[in-house]
Amino acid sequence: METLMTPYEIDRFFEELSALDPNPQGELYSTNPFTLLVAVVLSAQATDKGVNKATKSLFAVANTPQKMLALGVDGLKSYINTIGLYNTKAKNIMGLCIKLVDDFGGQIPDNRDALEALPGVGRKTANVVLNAAFNEPVIAVDTHIFRVSNRTGLAFGKTPLEVEKKLMKRIPQKWLIKAHHWLVLHGRYICKARKPLCLTCPVRGECHYPNKETA
DNA sequence: CTCCCGATAT
DNA sequence: ATATCAGGAG
């Protein structure tokens with residue numbers, strides 16, 4: 001049976017991450033809120049490295065909804081066909097651009113309901129935009145944060161939404177905005193899905209993951 | 001729950 | 001060879 005991190009351990013946990021990386025940045029390439037939104041939609045079940053490779057040339061040509069629409073769905077596909085699930089992503093991005101132009105004057109809406117009403121945008125993507133583009137203290141629970149939370153004992157849950165609600169209650173306000181990036185980066189490079197680097201992990205002292213001696 | 005679906009790490 | 005990657009829609 002796994003145990004939850006104590007409030008004291010949670011504070012230590014983020015103190016450690018803060019000391020190592022005081023100003024954590026996302027690794028998805030973007031130039032404005034619109035390209036951020038598109039990059040996050042493309043990043044579903046894909047590595048950000050692979051997404052960045054495609055978006056570097058795409059965003060040079062199309063950094064607004066209007067310019068994206070001008071490419072046409074097949075033109076867009078020619079840029080992103082190295083990314084998994086690219087057919088549905090291309091369709092969603094075109095629909096998303098139409099809605100941005102028709103309903104929001106080409107701007108990115110700043111509330112979750114409007115964001116989630118865009119094709120291809122669910123709660124996780126909406127939360128990333130709210131956090132990164134509008135500086136709101138929300139946690140977007142992706143595959144990394146879901147795994148890190150359940151492993152370390154930061155928060156347990158069977159679904160991302162369940163984990164998100166618990167994280168919002170358990171993480172002190174002062175860490176909340178940066179916690180999102182810290183947890184994603186920690187999951188990507190240390191608390192990896194396959195071979196977590198427990199022996200050299202900076203937050204080993206606070207972590208409740210069993211079997212970390214053998215990993 | 002299934003489908004979408006290429007690149008990369010192991 | 002297969003698990004995994006800043007998930008979302010039907």
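Convention: sequence-line order gives letters A, B, ...; per-chain numbering from 1.
Going from atom CG of A/Leu118 over to atom P of C/dG7 covers 18 Å, rounded to whole Å. Here C/dG7 presents its P atom at 10 Å from CD1 of A/Ile145, a figure rounded to the nearest Å. Across the protein-nucleic acid pair, A/Leu42 atom CG and C/dC5 atom P stand 18 Å apart, rounded to whole Å. In this structure, CD1 of A/Ile80 is placed 11 Å from C1' of B/dG6, rounded to the nearest angstrom. Between the CE atom of A/Met94 and the C1' atom of C/dA9 there is a distance of 19 Å, rounded to whole Å. Atom pair A/Lys89:NZ and C/dC5:P shows a separation of 13 Å (rounding to whole Å applied). Rounding to whole angstrom units, CG of residue A/Asp48 and C1' of C/dT4 are separated by 13 Å. Rounded to an integer number of Å, the gap from CZ of A/Phe146 to P of C/dC5 is 12 Å.
Residue contacts shown for A/Gly26 include a base, since a base heavy atom lies under 4.0 Å away. Within 4.0 Å (heavy atoms only), A/Leu96 reaches no atom of the nucleic acid at all. Within the 4.0 angstrom heavy-atom criterion, no nucleotide atom of any strand lies near A/Val41. Within the 4.0 angstrom heavy-atom criterion, no nucleotide atom of any strand lies near A/Thr88. Within the 4.0 angstrom heavy-atom criterion, base atoms lie near A/Ala46. Counting any heavy atom pair closer than 4.0 Å across all strands shown, A/Asn92 reaches no nucleic acid atom. A/Val40 comes within 4.0 angstrom of nothing in the nucleic acid, heavy atoms only.
Taking every heavy atom of both residues into account, A/Lys56 and A/Tyr29 meet most closely at CA-CE2, 3.9 Å.
Using modelled atom types, no side-chain atom of A/Lys178 and backbone atom of A/Pro24 make a donor-acceptor pair closer than 3.5 Å.
Note on ring orientation: taking the six-membered ring where Trp is involved, the planes of A/Phe14 and A/Trp175 are parallel (angle under 30°, cut-offs 30° and 60°).
Between the CG atom in A/Asp113 and the CG atom in A/Leu118 there is a gap of 11.5 Å [rounded to 0.5 Å].
Nucleotides C/dA3 and B/dT2 are separated by 15 Å at their P atoms, to the nearest Å. Using P as the reference atom, C/dG8 and B/dA7 are 22 Å apart when rounded to the nearest Å.
Between C/dC5 and A/Ser43, no contact under 4.0 Å exists linking OP1 or OP2 to a side-chain N or O.
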Using salt bridge (charged side-chain N to carboxylate O under 4.0 Å, His left out), reason through A/Asp48 and A/Arg188 one step at a time and then give a plain yes or no. CA-CA 11 Å; A/Asp48 66 340; A/Arg188 185 175 300 159; 3.1 Å; yes
Should A/Glu162 and A/Lys166 be marked as a salt bridge (charged side-chain N to carboxylate O under 4.0 Å, His left out) after you check the CA-CA gap, both sets of side-chain angles, and the distance that decides it? CA-CA 6 Å; A/Glu162 194 181 338; A/Lys166 292 182 180 177; 3.6 Å; yes
A/Asn150 vs A/Glu2, side chain to side chain donor-acceptor pair (under 3.5 Å): CA-CA, chis, key distance, verdict: CA-CA 9 Å; A/Asn150 277 299; A/Glu2 308 190 347; over 6 Å; no
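Sorted by residue number, the list of members of residues 160-174 of chain A with any non-hydrogen atom under 4.0 Å from DNA chain C is empty.
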Which atom pairs link the protein and nucleotides 7-9 of chain B when you take only N or O atoms and keep those under 3.5 Å?
from	atom 1	to	atom 2	distance (Å)
B/dT8	OP1	A/Lys53	NZ	2.9

For residues 86-95 of chain A, run the donor-acceptor check on the side chains, cut-off 3.5 Å, and write out each pair with its distance to 0.1 Å, sequence neighbours left out.
from	atom 1	to	atom 2	distance (Å)
A/Asn87	OD1	A/Lys77	NZ	2.8
A/Thr88	OG1	A/Leu85	O	3.1
A/Lys89	NZ	A/Leu42	O	2.7
A/Lys89	NZ	A/Ala44	O	2.8
A/Lys89	NZ	A/Gly84	O	2.9
A/Asn92	ND2	A/Thr88	O	3.3

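More than 12 heavy atoms of other residues, nucleotides or ligands lie within 6.0 Å of CD in A/Gln66, so this atom counts as buried by the packing criterion.
Side chains of A/Val203 and A/Thr152 form no contact here, defined as non-hydrogen atoms less than 4.5 Å apart.
Of the candidates C/dC5, C/dG8, B/dC5, the closest approach to any side-chain atom of A/Leu85 belongs to B/dC5.
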